[in-house]
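To start, the structure itself, in structure tokens.
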Amino acid sequence: MHLADGILSTPMLLTGATLSVVGITIGLKKLQEERIPQVALLTSTFFVASLIHLPLGPASIHLVLNGLIGLLLGWATFPAILIALFLQMMLFGFGGLTVLGINTFNMAFPALLCFYLFGPLIAKPTQTQTTLFCTSFVAGALTILLSSFLLTFSLWASGQAYQQLTQLIFIAHLPLMVTEGLITGTIVTFLRQVRPELLSQLA
Amino acid sequence: MPHFHSYLPPLIFAFSFLWLPQAHAHKIKLFATAQSNLITGYAYYPGGGKISNTTIQVSGPEGLSLGETTTNDQGEFTYTATSRMVHTFTLNTTDGHFATYTISAEELSDTLPSPHSNSPDKTTLIEHTSPPATPLSISPQELEPLLEKTLNRHIRPLREQLENYQEQIRLHDILGGIGYIFGIMGLIFYWKKHK
């Protein structure tokens, strides 16, 4: 999920950076003071989740959890993911400085879409545990699908062969979609039991 | 039926920790050493897994293309240098991962021609010096590759260990990162209060 330096073309890098700056500005503007600790907590979750590896598929992949973060944070996903990616770059050497913008966008934008698509559904207090689990499963899995689509697109727009990419990226991310769906579903249903007010604010 | 969700989180967390020491596929790496004019190395995911059957581009100084080589099933590759200059190995797996490794000119045998000057052939220099009067009477020309081979064999594991050590993710990095995140949280609080 983390693109490395030196692969993408300059227009692609600039587009990614500009879109991320827009997202981060809106995210910071909309950020309410009482939600800052929650944003920090989920930023740490994202920061650490990338260290958890799943030995599935051809190249081992790691958790991203952007679906969960998007559902709970909305626009604040942009600053959260930027900070986590920056620290991952500094401390672990993942990704790179020039690709920070596009990496942020690729992971935060699908998360934001899922917030608008599934947030209102998840906020409904009338949902049963099972439908809640299924909705958040789809949200988690769809975010990964959209992220891997954006990843493919950014590589394709920089001149990589499309067919090869689809094979490499989509197939490698299929097991991750299922895993992230399960984790998102589990955490959301768990939150509804222990902190239902976190979910009802999503409406 | 009891809520199966209630025991899923502990299960998932248990499994996550089983996976923690696994390979890090955030990046790929190359490793290579040179012995005489033969460069051998391998492509791998730090922490585990070799990258097999992939093409590695070889380039000289200033991006001059020298050709390419392919990794075998074990992710190993070899390249025979024809000139004593910087060799840069580049691997782009096309899924967004990218790695380079550089072998400096000094690591290659000095019997190879240098790309710029008309090689101040060291072998001829050696010939002028009188051979040391050792009881075994090995000429410097014979000794040099022998020494190089032995040294290379002993130094290579050390270099590999160094590379691996660099790749390890340490607990203090993780904790430091989380500390930074909460530090930034404090900054944003401060900033919002003073607006």
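The basis for the numbers below is simple: all heavy atoms, side chains too, and nothing from hydrogens, waters or symmetry mates.
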* To do: Could you tell me the separation between the CD1 atom of I174(B) and the CD atom of Q88(A), rounded to the nearest 0.5 Å?
  =>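 With rounding to 0.5 Å, CD1 (I174(B)) is 10.5 Å from CD (Q88(A)).
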* Between atom CD of E34(A) and atom CZ of F189(B), what is the distance when rounded to the nearest 0.5 Å? ->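 Answer rounded to 0.5 Å: 8.5 Å.
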Contacting moiety of [X], where chain B heavy atoms sit under 4.5 Å:
X	value
L87(A)	side chain
P37(A)	both
F92(A)	both
L31(A)	both
I36(A)	both

* Heavy-atom closest contact (I181(B) atom, F47(A) atom, distance) -> CD1-CB, 3.8 Å
* To do: Check the pair K192(B) / Q32(A) against side-chain contact (heavy atoms from CB on, under 4.5 Å), numbers first and verdict last.
  => CA-CA 9 Å; K192(B) 289 252 171 193; Q32(A) 295 147 336; over 6 Å; no
Taking atom [atom1] as the centre, does [X] end up with more than 12 heavy-atom neighbours from other residues, nucleotides or ligands that are less than 6.0 angstrom away?
X	atom1	value
Y180(B)	OH	no
F109(A)	CZ	no
F86(A)	CZ	no
Q161(B)	CD	no

* To do: Check each atom of I178(B) against the heavy atoms of chain A and say whether the ones under 4.5 Å are side chain, backbone, both or neither.
  =>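 For I178(B), backbone and side chain are both near chain A.
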